[in-house]
Novice: 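Below you will find the structure I want to go over with you.
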Amino acid sequence: EGALFVRPTVNLALSAGRLRLRSADVSEQPALNYNFFSHPLDRARQREAIRICAALVASSAMSGIVTAAKQVPDDLDDDDALDRWMLRHADTGHHSSSTCKMGGANDPTAVVDQRGKVYGVEGLWVVDASILPETVRANINATVLMVAERMADWLGG
């Protein structure tokens, strides 16, 4: 109701998380550490974005639209304080991807080939956002549908 949502986001982050299996039991959720803002450039870019958004919301041009700001950092001038605030409020935006690397057979870190076939496992393909080399800078749904349509063609679907 009458809300203006301003959400600064670091696209193409240089920080990398880690996904680990907890056990061989497929019903047990894996351990996921996003490792948000672990790269200094990601923190610097997010600090700048937050400061720009805060200035925009506080501007005279927005005074007739914005009556109260929520979740604004206490100290926008202190990089360390802002970093702590960012980490307390960090989340994924629900566009997690790029956790199952696509690459050539000579790449020891690749999980799947260019058609989504899992290396070393017969009859298994991955067809979702995890194989994307980078997180898309838009809603991920259309990209995943396009990948799935293309791979379905390859798989004879």
Side-chain angles (χ1 to χ4, degrees), residues 3-59 62 66 68-121 124-148 150-151:
L4 171 67
F5 187 68
V6 179
R7 181 182 190 172
T9 302
V10 173
N11 290 309
L12 298 180
L14 298 172
S15 301
R18 176 164 276 165
L19 176 70
R20 293 178 186 240
L21 299 178
R22 295 178 196 244
S23 76
D25 181 353
V26 296
S27 66
E28 186 171 348
Q29 291 294 317
L32 180 57
N33 176 358
Y34 287 100
N35 210 17
F36 292 125
F37 304 115
S38 60
H39 194 283
L41 185 57
D42 292 346
R43 287 191 304 277
R45 291 171 61 208
Q46 185 70 353
R47 283 192 301 266
E48 179 183 9
I50 289 170
R51 289 171 176 145
I52 289 169
C53 287
L56 173 69
V57 169
S59 72
M62 299 296 276
V66 178
K70 297 180 179 182
Q71 289 191 352
V72 178
D74 295 330
D75 191 350
L76 288 167
D77 298 321
D78 181 334
D79 284 357
D80 291 333
L82 191 49
D83 286 353
R84 288 189 299 275
W85 183 89
M86 288 174 356
L87 287 172
R88 279 195 312 275
H89 293 88
D91 66 10
T92 67
H94 309 293
H95 290 187
S96 296
S97 67
S98 311
T99 58
C100 186
K101 185 178 181 182
M102 180 189 294
N106 60 344
D107 182 348
T109 63
V111 177
V112 300
D113 68 13
Q114 75 275 13
R115 294 188 178 212
K117 185 174 182 333
V118 176
Y119 288 117
V121 180
L124 180 62
W125 286 261
V126 176
V127 182
D128 64 19
S130 66
I131 66 172
L132 299 176
E134 296 176 340
T135 301
V136 296
R137 291 168 302 284
N139 189 300
I140 203 166
N141 185 53
T143 303
V144 172
L145 289 174
M146 183 265 321
V147 168
R150 181 70 173 133
M151 289 192 172

Novice: Is there a side-chain contact between R84 and D75, using heavy atoms and a 4.5 Å cut-off?
Specialist: no
Novice: Which value, rounded to the nearest 0.5 Å, describes the distance between D77 atom CG and R47 atom CZ?
Specialist: 12.0 Å
Novice: Roughly how far, to the nearest 0.5 Å, is the CG atom of D107 from the CG atom of D113?
Specialist: 12.0 Å
Novice: Are any non-hydrogen side-chain atoms of L132 and I140 less than 4.5 angstrom apart?
Specialist: yes
Novice: With heavy-atom distances below 4.5 Å as the criterion, would you say the side chains of T135 and S98 are in contact?
Specialist: yes
Novice: Nearest heavy-atom pair of A110 and G104: which atoms, and what distance?
Specialist: CB-O, 3.9 Å
Novice: Give a yes or no on this: more than 12 heavy atoms of other residues, nucleotides or ligands lie within 6.0 Å of atom CD of E28.
Specialist: yes
Novice: Please name the pair of heavy atoms, one in V112 and one in I131, separated by the smallest distance, quoted to 0.1 Å.
Specialist: CG2-CG2, 3.6 Å
Novice: Whether the side chain of D42 engages the backbone of S15 through a donor-acceptor N/O pair (distance < 3.5 Å, no angle test) should be reported.
Specialist: yes
Novice: So, for L12 and E134, which heavy atoms are closest and what is the spacing to 0.1 Å?
Specialist: CD2-OE1, 3.4 Å
Novice: Would you mind reporting whether P8 and I52 have side-chain heavy atoms less than 4.5 Å apart?
Specialist: no
Novice: About how many Å separate CZ of R43 and CG of L14, when rounded to the nearest 0.5 Å?
Specialist: 11.0 Å
Novice: Hey, what do you get for CG (L41) to CD (Q46), rounding to the nearest 0.5 Å?
Specialist: 11.5 Å
Novice: Who passes side chain to side chain contact (heavy atoms under 4.5 Å, CB included) against R18, sequence neighbours left out?
Specialist: R20
Novice: So which pairs with a foot in residues 69-89 pass ring pair (Phe, Tyr, Trp, His ring centres under 6.0 Å), sequence neighbours left out?
Specialist: W85-H89
Novice: For the pair R51 and D79, find out whether any cationic side-chain nitrogen is under 4.0 Å from an anionic carboxylate oxygen.
Specialist: yes
Novice: With sequence neighbours excluded, tell me which residues meet ring-ring contact (aromatic ring centres under 6.0 Å, His included) with Y34.
Specialist: F36
Novice: Could you report the tightest heavy-atom contact between V126 and M151, atom names first, then the distance?
Specialist: O-SD, 4.0 Å
Novice: Would you check if M102 and P133 make a side-chain contact, meaning some heavy-atom pair closer than 4.5 Å?
Specialist: no
Novice: Hey, could you give me the CG/CG distance between L21 and L19, rounded to the nearest 0.5 Å?
Specialist: 6.5 Å
Novice: Taking everything shown except D74 itself, do over 12 heavy atoms lie less than 6.0 Å from its CG?
Specialist: no
Novice: Quick one: pull up CD1 in I50 and CD in Q71 and give me the separation to the nearest 0.5 Å.
Specialist: 10.5 Å
Novice: Would you check if V6 and M62 make a side-chain contact, meaning some heavy-atom pair closer than 4.5 Å?
Specialist: no
Novice: Report yes if the side chains of D83 and F37 come closer than 4.5 Å at any heavy-atom pair, otherwise no.
Specialist: no
